[in-house]
Structures are given as C-alpha cells and as structure tokens.
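Per chain, numbering begins at 1; letters A, B, ... match sequence-line order.
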2 protein chains.
Amino acid sequence: MEDGTVERARPRDRILETAQDMFHKHGIKGVGIDAITEAAGTNKMTLYRHFDSKDDLIIQCLRATACKAGAMWEKFETEHPGDKLAQLHAWVRIAADMLRADGRGCDMANAAVELSETDHPARRVIKELKEAQRDRLVTLCRDAGIGQAELLADTLSLLLEGARVSVQSVGTEGPSAQFVRMAEGLIVSFRGTAAG
Amino acid sequence: MEDGTVERARPRDRILETAQDMFHKHGIKGVGIDAITEAAGTNKMTLYRHFDSKDDLIIQCLRATACKAGAMWEKFETEHPGDKLAQLHAWVRIAADMLRADGRGCDMANAAVELSETDHPARRVIKELKEAQRDRLVTLCRDAGIGQAELLADTLSLLLEGARVSVQSVGTEGPSAQFVRMAEGLIVSFRGTAAG
DNA sequence: TCGTGACGTTACAGACCGGTAACACCATAG
DNA sequence: CTATGGTGTTACCGGTCTGTAACGTCACGA
C-alpha cells in the first residue's frame, strides 16, 4: 500500500490537479466534466464518486489552489526569516513574476466573474479565501512597520488584482508592465509616512 | 416612418440593449440566445438576421458599451470645461460611484476572463477598446499637468480594474471601499512630483 | 477462498446550446 | 391592388452539458 508514485497518484488527486489546471487555463464554464476526466486519465463515474457535483469540484479546486498559494507565504518566512520588509518586497517580486509568466488571472477572481449567480455555493468560499489572503497581507505590512498597513495592503491588493485582469485584456505590455514600479513606489511612500 | 418610440424601438436596438444588460449581469456564457430574444420581446430568427452569430453580437455589445462610456467623457468636458484636473477628479468620483452601485465589473474585462480562447474574435476588440480607454486617461492626466502622466494613468487604471474585480469577490466593503482615498492620494502624490 | 471496495466501461437521460429552414403575417410604398 | 421587406412562428438539426444506472474488473485483506 501507499506506493503513491508521482506519475500515478490516486484518481481523486489526479482529478483535482487536472481540474485546477484546466479551470485555470480555460475557465470554469469553458471546460466540461468529460474533458477533465479524460485529461486526468479516468472516467466520469469515478469523478462523481469523489465529488458531489461540478460545483463541489470547483470549490475543492479553489481550496487546493489557495492552499498552494499559502505554501508560498511560508517560503517568504524561510527565505527572509524575521525580515518582514524583505518579505513584502518578495511578495511584489513573486506577483510580478506571475504577471509576466501566467497570462491568466487569479483563479478566485476569475471564478467570481464567471459564477455571477449571487447564490452560487462557490461564492462564499471565494469570499472566505480572499479575505484570508487580505488578512495575511495586512499582517505582513503591519509587521513590516508600515503605519497605514490596511491601506497599503488594500492598495497593493487592488493593484495586483487589476494587473492580473489587465493582462487578460491587453497583454503583458499594458499597464501591468509597470506593476513593480507602482508597488515599490507605494511601499516607499507609505514607509515615509510611517507612524511608528 | 421613424416613429422610434422609446418603448418599442426597432428589434435590432432592443436586442442590443437587452443583450448588453444580460451579458453584464449574468456573464456571456451564462446567457443563451433564447433568453436574450425572449427578454427583448422578439425571436431567434430576427436576431440572426441582424447579427451573424453570438460572437458577433458579443462584439457589437462591447462596442456599444464602450460608446456609452465615451459619452461620459464628453460630460466631463461639458461640466468642467477646460479644467482637466477637475475632470480627473470627476473620473475618480464616477468610478467610485460605479463601484458602489454596480456590483459587476467592467464588461470588457469580464469578457476577457470568460473568453479564454486566445483566438476568440472578441479579444482583439477588447484590446482595442481597452487601449483607447487607456489613451484617453493618459491624455487627461497629461493635460492636467501631471508629470508622469502614463504612470499615473496606468496606476489608476489598475486600481479601478482591481476594485471592480474585488467587488465581485468580496463585495463593496472590501478593499475597493478605499478606492477614492487611494486614487486621490496618488493624484496628490503625482502632482507633488510634477515635472512641469 | 471469498468478500469487499475502489475503479473502469458503456449507455443513457434530460436539458440546453447555437444556428437554420420553411412558412405565415402585415405594414407600407409604388 | 400588389409587391416587398421586415418580422414572427414552429420545428428542427447536431452537438454538448451535468449527472446517473447497471454492470464488469481487479487488487487486497481476512
């Protein structure tokens, strides 16, 4: 038991991984259950034995993606232990790298756009995960000695969110190309007015 | 001829108006042709006599929406003739009002998220319209005497784009609530460093 | 050896989708 | 009166979608 080879994980894990990737690339409404199961090397029945519905799969995918993103935050701490300001700059750098490399936006934001029904079960999950994401950035800003930590965190959040959407509209050469300059300028500006 | 009553415009106009509204509220992939024609008080055949395909309808809707947005810019000029800085502040105020009232983001950005196929015919239209939008804001910033006009315009663009997405994820009480404070702060900051 | 549970296969239901064909209607212009 | 063009109606095509039923297979553990 428990061989857990990388190339042949359990069906549930393969489905989750494949669905995350395909939802990210093609959008939630742009990919069907059949396409996911085929790409995951399994079948529809097995998917529905592990997930109640497509909506359930969507939610599990969002949680899994958020979990991966959470791992990145731990890397900030290990690479710059104790230096919160360096971690904030690392956040900016990682964000800029994603902008350049990815071409698609944040999975949660994209899902919120696609799932316009106000009572869709995924919406509360999106809100929950996005708020947790915000709290972490606020805490980082505060620990980095920024006076108006909430305002800087929210501004950086909106800038990144906007940049990730802008990339999808006008590409990487558009306004998002200036993201690092904007973010670094804001950090400098907020550090200047720090209320220690 | 040309009675053009408001309550009973020509079918093509009714379809275009209804489609814009429904695409905006429910998303492009969330609305079918049948639903549009029924809401517009007409039928599918009439729609396909005026539009080549759903993709064509999407594109015409995007252009119509952009045209309406263009009318807003003329209002800036009539309400603050010659005073470009006042027009810039008016832009911020209008943007904030939309954030509070609308709940759904920019139609072009939403469409870019939904239509992930890189060769979708609407994508070049989205890019074209978004670039025109950016050019107008850059020009306004420059005419308002801002030194780094492009950088301010791009920053404001990303902030608004991000705010409109954030509203869909976490609602109007999230980071977008600080939009005015952020935008006004940026304008002040950029005016301070103006290179006349 | 036998049972059990996870997984695969096929087929299907029921709904919706975008798009088209054929035909009926009706106001207006000539 | 008649011709014409815009419109409405019905029915349909082929495809795709989520989700389910029934059955077969296979590994593993008791």
Side-chain angles (χ1 to χ4, degrees), chain A residues 1-20 22-23 25-62 111 114-117 119-123, chain B residues 1-20 22-23 25-62 111 114-117 119-123:
Chain A
M1 65 187 78
E2 291 273 350
D3 58 12
T5 54
V6 177
E7 59 178 354
R8 203 103 261 254
R10 310 291 295 274
R12 199 196 118 97
D13 297 329
R14 270 152 42 205
I15 291 171
L16 207 53
E17 204 71 24
T18 307
Q20 280 178 73
M22 297 186 74
F23 283 155
K25 284 181 187 160
H26 312 299
I28 290 173
K29 298 200 181 182
V31 51
I33 296 294
D34 290 302
I36 294 173
T37 55
E38 187 186 343
T42 177
N43 55 77
K44 195 151 50 170
M45 275 312 301
T46 301
L47 186 149
Y48 279 107
R49 287 191 189 105
H50 288 289
F51 304 93
D52 294 342
S53 61
K54 185 180 181 181
D55 286 347
D56 182 35
L57 176 62
I58 292 167
I59 291 174
Q60 302 307 325
C61 283
L62 290 175
E114 283 200 85
L115 309 176
S116 52
E117 310 97 312
D119 61 339
H120 193 287
R123 293 197 73 86
Chain B
M1 68 186 76
E2 290 275 351
D3 57 10
T5 54
V6 179
E7 59 180 353
R8 204 103 263 251
R10 310 290 294 275
R12 199 195 117 97
D13 298 328
R14 270 152 41 207
I15 291 171
L16 207 53
E17 203 72 24
T18 307
Q20 280 179 73
M22 297 186 73
F23 284 154
K25 284 180 186 160
H26 312 298
I28 290 174
K29 299 203 179 179
V31 174
I33 296 293
D34 291 302
I36 294 173
T37 55
E38 187 187 343
T42 178
N43 56 77
K44 198 151 48 170
M45 273 314 299
T46 300
L47 186 147
Y48 279 106
R49 286 192 190 103
H50 289 287
F51 303 94
D52 294 341
S53 61
K54 185 181 182 181
D55 286 347
D56 182 34
L57 177 61
I58 292 168
I59 291 173
Q60 301 308 326
C61 282
L62 290 174
E114 282 199 84
L115 309 176
S116 53
E117 309 97 311
D119 61 339
H120 193 288
R123 293 198 72 87

(request) Might you point out which heavy atoms bring B:E117 and B:R123 nearest each other, and give the distance in Å? (result) O-CD, 3.0 Å
(message) How many whole angstroms separate atom CG of B:L47 from atom P of D:dT10?
(response) 18 Å
(message) Tell me the interatomic distance from B:D52, atom CG, to C:dG19, atom P, rounded to whole angstroms.
(response) 10 Å
(request) Measure the distance from OH on B:Y48 to P on C:dA22 and round it to the nearest whole Å. (result) 18 Å
For residues 53-61 of chain B, run the donor-acceptor check on the side chains, cut-off 3.5 Å, and write out each pair with its distance to 0.1 Å, sequence neighbours left out.
{"residue": "B:S53", "atom": "OG", "partner": "B:D55", "partner atom": "N", "Å": "3.4"}
{"residue": "B:S53", "atom": "OG", "partner": "B:D56", "partner atom": "N", "Å": "3.2"}
{"residue": "B:K54", "atom": "NZ", "partner": "B:I28", "partner atom": "O", "Å": "3.2"}
{"residue": "B:K54", "atom": "NZ", "partner": "B:V31", "partner atom": "O", "Å": "2.9"}
{"residue": "B:D55", "atom": "OD1", "partner": "B:H120", "partner atom": "NE2", "Å": "3.1"}
{"residue": "B:D56", "atom": "OD1", "partner": "B:Q60", "partner atom": "NE2", "Å": "3.1"}
{"residue": "B:D56", "atom": "OD2", "partner": "B:D52", "partner atom": "N", "Å": "3.0"}

(message) Quick check: do A:K29 and A:L115 have side-chain heavy atoms less than 4.5 Å from each other?
(response) yes
(request) Return the value, rounded to whole Å, for the distance between atom CG of B:D34 and atom C1' of D:dC17. (result) 16 Å
(request) To the nearest Å, give me how far apart CZ (A:F51) and C1' (D:dT18) are. (result) 16 Å
(message) Tell me the interatomic distance from A:E114, atom CD, to D:dC17, atom P, rounded to whole angstroms.
(response) 14 Å
(request) Side-chain contact test, heavy atoms from C-beta onward, threshold under 4.5 Å: evaluate it for A:F23 versus A:L62 and give yes or no. (result) no
(request) Nearest 0.5 Å please: distance from the CD atom of B:Q20 over to the CD atom of B:E17. (result) 5.5 Å
(message) Rounded to whole Å, how long is the line connecting atom NZ of A:K29 with atom P of C:dC17?
(response) 10 Å
Atom pairs and distances, donor-acceptor, side-chain atoms in residues 32-40 of chain A, under 3.5 Å, two or more places apart:
{"residue": "A:D34", "atom": "OD1", "partner": "A:K44", "partner atom": "NZ", "Å": "3.3"}
{"residue": "A:T37", "atom": "OG1", "partner": "A:I33", "partner atom": "O", "Å": "3.2"}
{"residue": "A:T37", "atom": "OG1", "partner": "A:D34", "partner atom": "O", "Å": "2.9"}

(request) Report the distance from atom CG of B:D56 to atom P of C:dT20, rounded to the nearest whole Å. (result) 12 Å
Short heteroatom pairs, N/O only, protein and nucleotides 5-9 of chain C, under 3.5 Å:
{"residue": "C:dC7", "atom": "OP2", "partner": "A:H50", "partner atom": "NE2", "Å": "2.7"}
{"residue": "C:dG8", "atom": "OP2", "partner": "A:T42", "partner atom": "OG1", "Å": "2.6"}
{"residue": "C:dG8", "atom": "OP2", "partner": "A:N43", "partner atom": "ND2", "Å": "3.3"}
{"residue": "C:dG8", "atom": "OP2", "partner": "A:T46", "partner atom": "OG1", "Å": "2.8"}
{"residue": "C:dG8", "atom": "O5'", "partner": "A:N43", "partner atom": "ND2", "Å": "3.3"}
{"residue": "C:dG8", "atom": "N7", "partner": "A:R49", "partner atom": "NH1", "Å": "3.4"}
{"residue": "C:dG8", "atom": "O6", "partner": "A:R49", "partner atom": "NH2", "Å": "2.6"}

